[in-house]
Structures are given as C-alpha cells and as structure tokens.
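Everything numeric in this text was worked out from a predicted model, so none of it was measured.
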Amino acid sequence: MPLQPSPHLDCSSELRFSALHLLVATEPRQKAEQVIALRAAWQTGSISLAADEQLAAIADIPGRPARPELVEPLLVPRRPMNTAQGRAALIHALAHIEFNAINLALDAVWRFPGMPRAYYDDWIQVAAEEALHFSLLAAHLNTLGFAYGEFPAHNSLWEMAEKTQHDLLARIALVPRTLEARGLDATPGVRAKLAQAGDQNAAEILDIILRDEIGHVAVGNRWYGWLCEQKKADPVATYAELAERYKAPRMHGPFNLEARRQAGFSEAELNALRTA
C-alpha cells in the first residue's frame with residue numbers, strides 16, 4: 001500500500017517524504033529556502049532515504065501561489081525590452097521557469113522509487129540549485145519594482161511532467177533532456193538582450209544559471225543513458241519514439257551545440273537533433 005505522510009510527520013527525517021512535503025508547499029520564497037535547507041541536511045547525513053517506498057500524494061501537486069495567473073503560452077503578453085516593465089516581464093518569465101524547475105526536481109525525487117541513491121542525490125542537488133536561481137531572479141525583480149506573480153505565466157513545463165508521471169524514462173527524456181535543454185540554446189541570446197539593455201546584474205545571474213543548467217541537463221542525460229542501458233534500448237531511437245508518443249514539441253535551431261556537448265549529448269544525438 002502506498003505510504004502517505006500524515007500532516008504530523010516530521011518531513012525532515014526522510015528525503016523523499018521531505019521532497020513531497022516541499023512540492024506541495026505554495027509560498028515560493030519559503031519553498032526555495034526550505035529546498036536549499038533540505039539539500040544541506042541531506043549532505044550532512046542527518047536525513048535518511050527510503051528509496052524503495054511507493055509514496056502517495058498528500059495534496060494537489062504541485063503547490064502553487066495564487067499568482068501568477070496561468071495562461072496559454074501564446075497569451076503571455078510580449079513587452080518591449082526598451083522599457084523597465086518589459087525587462088521586468090522577461091525576468092519574471094525566467095523566475096517562473098526556475099520555480100517550475102524546483103517542482104520538477106522535487107517531483108523526480110519523490111515520485112519514482114527503486115532508483116540508486118545517486119539518482120536522488122543528483123535530483124535534490126538540482127532542486128537546490130533551481131531554488132537558488134529562483135531566489136536570485138525574484139530578488140532582482142524586486143529591485144526593478146516588481147514581484148513574482150505580477151505577470152501572467154504559462155504552465156508548459158509542468159504539463160509534460162503530468163504526461164510522463166508514470167514513466168520515468170519518458171520523464172527524463174522529455175523534461176530535462178528536451179524542455180529544459182532548450183534553456184541551453186536560449187540563455188545566451190537572452191543574456192545578450194539584457195546586457196544590451198543595461199541590466200548587467202541580470203546578465204550575471206544568467207551566467208550562473210547557464211553554468212548550472214549544463215549540469216542539470218547532464219544529470220538528465222546520465223540517468224537517461226542508465227535507464228536505456230537497463231532496458232537494452234537504443235538512446236536515439238528510444239528518444240524519437242518517446243517524443244512521438246508524448247507529443248513533445250519539435251526542436252528548432254539554432255542550438256547551443258557546445259553547451260549540449262558539455263551536458264553529455266552524444267554526436268549521434270546532436271546529429272539527430274539537427275536533421276529532425
């Protein structure tokens with residue numbers, strides 16, 4: 001029978017229970033702070049790992065604040081970069097991506113049992129780094145006179161997580177290695193726009209994010225390769241089949257091939273990407 005943490009459970013005592021507890025939390029700043037604290041506790045060995053337990057959700061997943069309003073991607077307003085509000089809207093969009101990325105990493109920890117300890121170690125590290133990214137962007141947004149939640153946002157990242165909630169191979173293939181890997185392609189251009197607009201602080205935050213996101217996509221590639229090996233599946237053919245089955249968005253260039261190589265994509269995978 002799936003385990004369901006009670007409201008009185010000390011969620012700091014076990015990693016996957018803790019990740020689930022934080023996933024349903026709704027206040028963004030506190031969530032980010034507590035995720036960073038959870039990873040620190042995990043590093044010190046003060047919490048355990050119940051890797052083989054089948055957990056059950058304790059509330060609606062993921063926990064979200066009342067704002068931002070979630071709309072279809074095409075309905076997110078475009079604002080010119082030559083205005084303060086336009087730059088703030090862009091920073092807000094980036095912060096929203098990072099908030100979703102916290103939830104995605106926490107979901108990877110709690111939802112999928114039976115993986116090696118290193119898997120959970122990797123994803124709680126990713127969650128903590130995404131929490132740092134969110135905190136940096138939200139704080140910078142405050143300096144521009146705005147707050148997270150003030151602009152509409154979309155939910156595309158989480159929609160793919162819902163599609164793949166019962167299939168870890170598909171989750172790894174289509175979230176970190178597809179949707180999040182798009183950040184490797186897009187971030188340099190966004191950084192250049194912000195720097196050109198005179199927002200050097202934002203540009204420096206994006207330098208941190210790109211550095212860390214290469215590592216996060218590498219985590220996805222590592223576990224995708226491990227899972228393919230366990231299933232004796234060809235990584236390139238399997239990816240194509242999963243992308244078709246789950247209707248993943250088609251990838252369009254330009255691609256940041258050097259960052260993707262650093263993140264562990266093989267030349268065969270990069271060739272398939274370029275010729276798709």
Kindly indicate whether the side chain of [X], heavy atoms from C-beta on, has any atom under 4.5 Å from the side chain of [Y].
| X | Y | value |
| --- | --- | --- |
| Glu180 | Leu157 | yes |
| Pro28 | Pro65 | yes |
| Trp226 | Gln230 | yes |
| Leu242 | Thr164 | no |
| Glu162 | Trp158 | yes |
| Glu69 | Phe151 | no |
| Met251 | Arg274 | no |
| Arg261 | Ser266 | no |

Would you call [X] and [Y] a salt bridge, taking side-chain N to carboxylate O under 4.0 Å as the test?
| X | Y | value |
| --- | --- | --- |
| Glu204 | Arg191 | no |
| Lys163 | Glu159 | no |
| Lys193 | Asp199 | no |
| Arg39 | Glu129 | no |
| Lys31 | Glu27 | no |

Would you compute the distance between atom [atom1] of [X] and atom [atom2] of [Y] and round it to the nearest 0.5 angstrom?
| X | Y | atom1 | atom2 | result |
| --- | --- | --- | --- | --- |
| Leu168 | Tyr224 | CG | OH | 12.0 Å |
| Leu94 | Thr187 | CG | OG1 | 7.5 Å |
| His140 | Ile91 | NE2 | CD1 | 5.0 Å |
| Asn201 | Thr143 | CG | OG1 | 7.0 Å |
| Leu206 | Leu136 | CG | CG | 10.5 Å |
| Glu267 | Leu273 | CD | CG | 11.5 Å |

Flag, side chain of [X] to backbone of [Y], donor-acceptor distance under 3.5 Å:
| X | Y | answer |
| --- | --- | --- |
| Tyr246 | Arg171 | no |
| Asp207 | Arg211 | no |
| Arg87 | Met81 | yes |
| Tyr120 | Met115 | yes |
| Arg16 | Ala50 | yes |
| Asn256 | Leu184 | yes |
| Arg182 | His252 | yes |

When you check the side-chain N and O atoms of [X] and [Y], is any donor under 3.5 Å from an acceptor?
| X | Y | result |
| --- | --- | --- |
| Thr178 | Tyr239 | yes |
| Trp223 | Asp122 | yes |
| His216 | Gln125 | no |
| Trp123 | Asp107 | no |

Just one of Arg64, His96, Glu72 clears the side chain to side chain donor-acceptor pair (under 3.5 Å) bar with Asn155, so which one?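 With Asn155 as partner, side chain to side chain donor-acceptor pair (under 3.5 Å) holds for just one option, Arg64.
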Would the Tyr148 and His92 ring centres measure less than 6.0 Å apart?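 Yes, the ring of Tyr148 comes within the 6.0 Å limit of the ring of His92, centre to centre.
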Would you check, one step at a time, whether the test side-chain contact (heavy atoms from CB on, under 4.5 Å) holds for Leu141 with Glu150? CA-CA 10 Å; Leu141 190 61; Glu150 290 193 39; over 6 Å; no
Specify the closest pair of heavy atoms between [X] and [Y], including all atoms of both residues, with the distance to one decimal.
| X | Y | result |
| --- | --- | --- |
| Ala19 | Leu38 | N-CD2, 4.1 Å |
| Val126 | Ala105 | CG1-CB, 4.0 Å |
| Ser48 | Trp42 | O-CZ3, 3.9 Å |
| Glu269 | Pro235 | OE2-CB, 4.2 Å |
| Ala127 | Leu106 | CB-CD2, 4.1 Å |
| Asn142 | Ala147 | ND2-CA, 3.7 Å |

Could you please spell out the steps behind the side-chain contact (heavy atoms from CB on, under 4.5 Å) verdict for Ile102 and Leu22? CA-CA 10 Å; Ile102 299 170; Leu22 292 178; over 6 Å; no
Can you name the one residue among Asp185, Asn221, Ile214, Val217 that meets side chain to side chain contact (heavy atoms under 4.5 Å, CB included) with Arg260?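 Testing each of Asp185, Asn221, Ile214, Val217 against Arg260, the sole residue satisfying side chain to side chain contact (heavy atoms under 4.5 Å, CB included) is Asp185.
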For residues Met160 and Leu70: do they belong to one hydrophobic cluster (side chain heavy atoms under 4.5 Å, members Ile, Leu, Val, Met, Phe, Trp, Tyr)?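 No, Met160 and Leu70 fall in different hydrophobic clusters.
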Co-membership, hydrophobic cluster, residues Val236 and Leu174, 4.5 Å side-chain: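 Different hydrophobic clusters.
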With side-chain contact (heavy atoms from CB on, under 4.5 Å) as the criterion, how do Leu169 and Cys228 come out once you've worked through the C-alpha distance, each side chain's angles and the decisive distance to 0.1 Å? CA-CA 8 Å; Leu169 181 63; Cys228 284; 4.1 Å; yes
Is the CD atom of Gln200 crowded by more than 12 outside heavy atoms at less than 6.0 Å?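 Correct, the count exceeds 12.
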side-chain contact (heavy atoms from CB on, under 4.5 Å), that's the test. Do Glu53 and Phe17 meet it? Break it down for me. CA-CA 10 Å; Glu53 297 290 353; Phe17 278 153; 5.8 Å; no
